[in-house]
S.K.: 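For reference, the structure I am asking about is given below.
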Amino acid sequence: MSLGQLHYTSAPPGPDGSGFRFTALTPGLPQSVLREAEQLIGYEPPRNAPARPSAAELDSFPRAFSYSELSDGSRLLARTVYTGADYSGRWGNFHAHAVHLAPGQRLPDGALPVSAWESPGWATATPEGGAPPPLSALPPSSGLDRDGLIAFAASRAPWLAAVFTDLQRQAEDETAPQIVLVERDSADVARWVVLASTVLPRTAVHRLTFTTYTRRPHLAGQRIIGVLPDDALGLAGSGRRHRVHDCAVPPAPDGPGPTPWAVAAARIWSAGAIELFQYADRLPGEPFTPGPLSALALCAGIDLPSPHRTAAARWACEHPSELSQEELEGLVQTLAEPGYTPAEIRHTPVEPWRTPTEPGQTSAGPGHTPTEPWPTPTAPQPGEAPLPAAETGTKTGARTETGTETGTTPPAETAALAELFARVGSALRPQIAAPLAARLFTAAVRSAEPVRPPDRGALTDEVARRLAAELGPELRAGIADAAADTGRALQLLRVAGALGVDCADLVPSLAHRLASALLADPSAYGSELHGTLADRPDLRAALLRELDAAAGAAPASVTVLLERAPLELESPEALPYLRMCGRIARSPSGGGDGTGTRDRTGELRAVLAAAGVSVVAHPPLLRIAFRLVWGSATPTPEEARYVLAEQGADLHRTAATWPFLVTAALNGRPGDPHTDELAHELLTAFPTLLPPRDRAALLLLEFARDLRAGGAEPGWVDRILGLRRAAEPVNPPVLEHVFGRLVRQLLHAPGPGRELDDLIRGNDADLCAAYEQAAREDSVRDRLRRDPRYLAARFVDWNAHPQAGGAWGKVRGPLLDGVLRPVVRALGAQELAAVEAALTERGGRYAEDFRAWNRPGALSRLGLRFGSRDNRTPGRRRGGDS
């Protein structure tokens, strides 16, 4: 490998002119490189420098050591020093010595550019002999020793994280601001560059450009720019282009907060464990993720805040094989025990500017030696410098920052620790696993977020006893807290059981709260509750008792819960109400839907059988069974009759279920013979329990039964209207059923007496409307067409009391014109003659009135005529069909 050299200074006149010019060049360097280099290697003395410095003062002038990228992709590594007077005696001369690296070329042995700071290979004067030969190497500086760098990092601890954060942003975004380091000594800027070169991923280090000194930072193009305090004043307010770090004054909190990776890198440099950077660079993970670096730092006992402990735990979960067993156990102990310090940490000190093994190579895994947690590559890779021989050192640190500012562990860290224990806990020795398990148990009790602790087997007996004594009062108080979430109480109960803390006296109240929560929201039944009930039979038994009591008051809610929650109902206790709810909830037909399409009487028997106790001994079971089977629906009269017959009136009376049966009768489908039969049976079974209004309504239905059976005494209309008044307000189905039965009786089989006259005199609008509705039925029209005697009887009835107004007056005309006239108009001569003959048999003028009514245009005259006839022949009555 060869490095082309450039020398630049003020020289006497020669073939290339006089003044500042290149005085020595390695042949073959392109002119474009020379033109760009000339702009990069100039030097201006400090503002307050002496005009004519002595030799001692010259030595204190800042060195401008730079590494710059040229437009063709090549690099220029240069050192420029102030030399005082030139050949002519004029002051202000400097000498620049630079080497050119072609695109993709690096320094020999893979050395980092900063390693050439104050290298013995730099010249302070133009060499004799004209064109200098290419350099084969630049020996590293002896002024950047490890101990001195560690001491420098400790002195710059307040600024480390902020500078490293800016480095990270530069590596991730080429448009990020340049870093301006304000130092009084350019050597300190070089030390900053060493720190930066150490922490950056190896892929980014060789792209890091820098200069240790410039008078004009706004013209500098490097990523890191070193300036003296006087030259930083003009950069105020240029935050979009420059990030200024003045190490002579306390850091100003005006920039972005430090990134987690930068904080970890700063802590490692402050602790002096710089070999961890090379080790972390070989571990898997995206660049600048804090996990690998934080894990190694914690293994080394370096204190890190909670976000880094979280990141380290999560990274270890994802890559447990990347750490040796010793390293893994050290990480677990550091995470588990505040203030834990590893007994011995073996480091392999390295020079910070050396290039480590190839990025991505890892030394952990099956071939890793447990006794050497921080291994070094056994042989350098091509283009890399060999690492120094191993030497042993010990770094310790007490963990004082265990969580938030209040001293509590953040939920994210606790979750990461739980995940880590679940991932690697079984591979740890008991004495190593127990402290982390104890911390998780403690977090499960004290954390505001849910934490699932490991199994009891993760604790040693001694640790379990200590935790029980320490956490017992908190566990009992948390379980007894009625204002707390039931999920929290369940978790605490499981922890108490694992630690052997007696909480049996708190279980009944917890079961009551738990039952209330489940009934309010069945989705609250989850894996946590299911597991707790399996672990705590006493809680399960208490919960079942609570739900059985709730089922006696609100069976529908308990049924919904059992439909949605896989709660096991097996129990040596009776729990009859709960078992009935379970039968409805988990039967193939499901709960009552009110459609009447199922065999609900069969379901009632099955539900009562599921109770497991005698309904005779426990009559309230029947009431709950009714509510479970029918829900908000009403039994049909047929179902009610069956249930009444099967269970008996005495049981319904004791169970107070007879109102269900009464409701079934009062809401029965009109025309259903079971409706009035049920009414008769209820009047017989519960004569003294029925309220007056319900009794009157049932008597109405019973009278309809008598009408249907032909056993009703005369005076039907008066009887029905009297009962209606006593039952007001009457359910519409009852009126429809009773009135329907009465008017059909009047239309098809009139009884003795003057029932129609009573209907007309009663002036009941609903009854008259029911009569008209029944008269318009197809059965009446068919009979009118087929039976002349029936038609004649209806003509006589519907012409009755033409002078009557009110309800009858509203239906009489529609009956004659809307029902009777269309039928008569469709009859033939022979059929009309039969009707007239039937009317003639009745006597009087019925046949003559019919002929007059049937003549076209005769309706008005007939109405007048009928209106003048107030009485008929004495002794003649309207009666039944002839």
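Note that the structure is a prediction, hence the values are computed from the model and not measured.
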S.K.: What I want to check is whether the side chains of His737 and Thr675 have a donor and an acceptor closer together than 3.5 Å.
M.R.: no

S.K.: Apply side-chain contact (heavy atoms from CB on, under 4.5 Å) to Ala517 and list each qualifying residue two or more places apart in sequence or on a separate chain.
M.R.: Thr486

S.K.: Report yes if the side chains of Glu603 and Arg583 come closer than 4.5 Å at any heavy-atom pair, otherwise no.
M.R.: no

S.K.: Restricting to side-chain contact (heavy atoms from CB on, under 4.5 Å), what partner residues turn up for Arg776, sequence neighbours left out?
M.R.: Glu772, Arg781, Pro814, Val819

S.K.: Using the side chain to side chain donor-acceptor pair (under 3.5 Å) criterion, which residues pair with Trp798? Sequence neighbours excluded.
M.R.: Tyr771

S.K.: Indicate the atoms forming the closest heavy-atom contact of Ala640 with Leu678, along with that distance.
M.R.: CB-CD2, 3.6 Å

S.K.: Decide side-chain hydrogen bond (donor to acceptor under 3.5 Å, both in side chains) for Glu702 and His680; before the verdict, give the C-alpha distance in whole Å, the side-chain angles of both, and the deciding distance to 0.1 Å.
M.R.: CA-CA 5 Å; Glu702 185 182 49; His680 173 72; 2.7 Å; yes

S.K.: Could you tell me whether the side chain of Leu547 reaches within less than 4.5 Å of the side chain of Leu567, counting heavy atoms only?
M.R.: yes

S.K.: If we check side-chain contact (heavy atoms from CB on, under 4.5 Å) with Leu689, which of these qualifies: Arg695, His652, Arg653?
M.R.: Arg653

S.K.: Quick one: does NZ or CZ of Arg741 land under 6.0 Å from the six-membered ring centre of Trp716, within 45 degrees of the ring axis?
M.R.: no

S.K.: Begin from the C-alpha positions of Asp502 and Arg476 and carry the test salt bridge (Lys or Arg N to Asp or Glu O under 4.0 Å) through to its verdict.
M.R.: CA-CA 8 Å; Asp502 184 12; Arg476 289 183 55 82; 5.8 Å; no

S.K.: Under the salt bridge (charged side-chain N to carboxylate O under 4.0 Å, His left out) test, which residues partner Asp718, sequence neighbours left out?
M.R.: Arg761

S.K.: Give me the atom names and distance for the closest heavy-atom approach of Arg627 to Ala554.
M.R.: NH2-CA, 4.4 Å

S.K.: Can a salt bridge be assigned to the pair Arg705 and Glu677 using a cut-off of 4.0 Å between side-chain N and carboxylate O?
M.R.: yes

S.K.: Looking at residues at least two apart in the chain, or sitting in another chain, which of them share a ring-ring contact (aromatic ring centres under 6.0 Å, His included) with Phe660?
M.R.: Phe626

S.K.: Can a cation-pi geometry be assigned to Arg786 and Tyr790, taking NZ or CZ under 6.0 Å from the six-membered ring centre and within 45° of the ring axis?
M.R.: no

S.K.: State the CD-CG distance between Glu681 and Asp676, to the nearest 0.5 angstrom.
M.R.: 10.0 Å

S.K.: Measure the spacing between OG of Ser527 and CZ of Arg452 and express it to the nearest 0.5 Å.
M.R.: 7.0 Å

S.K.: Just so I know, are the side chains of Leu490 and Arg494 near enough to count as touching, which here means a heavy-atom distance under 4.5 Å?
M.R.: no

S.K.: Test of understanding: with salt bridge (charged side-chain N to carboxylate O under 4.0 Å, His left out), list the residues that count as partners of Asp481, not counting sequence neighbours.
M.R.: none

S.K.: Quick check: closest heavy atoms across Pro802 and Arg812, and the distance to 0.1 Å?
M.R.: CB-NH2, 3.3 Å

S.K.: For Ala489 and Leu510, work out which heavy atoms get closest and say how close.
M.R.: CB-CD1, 3.5 Å

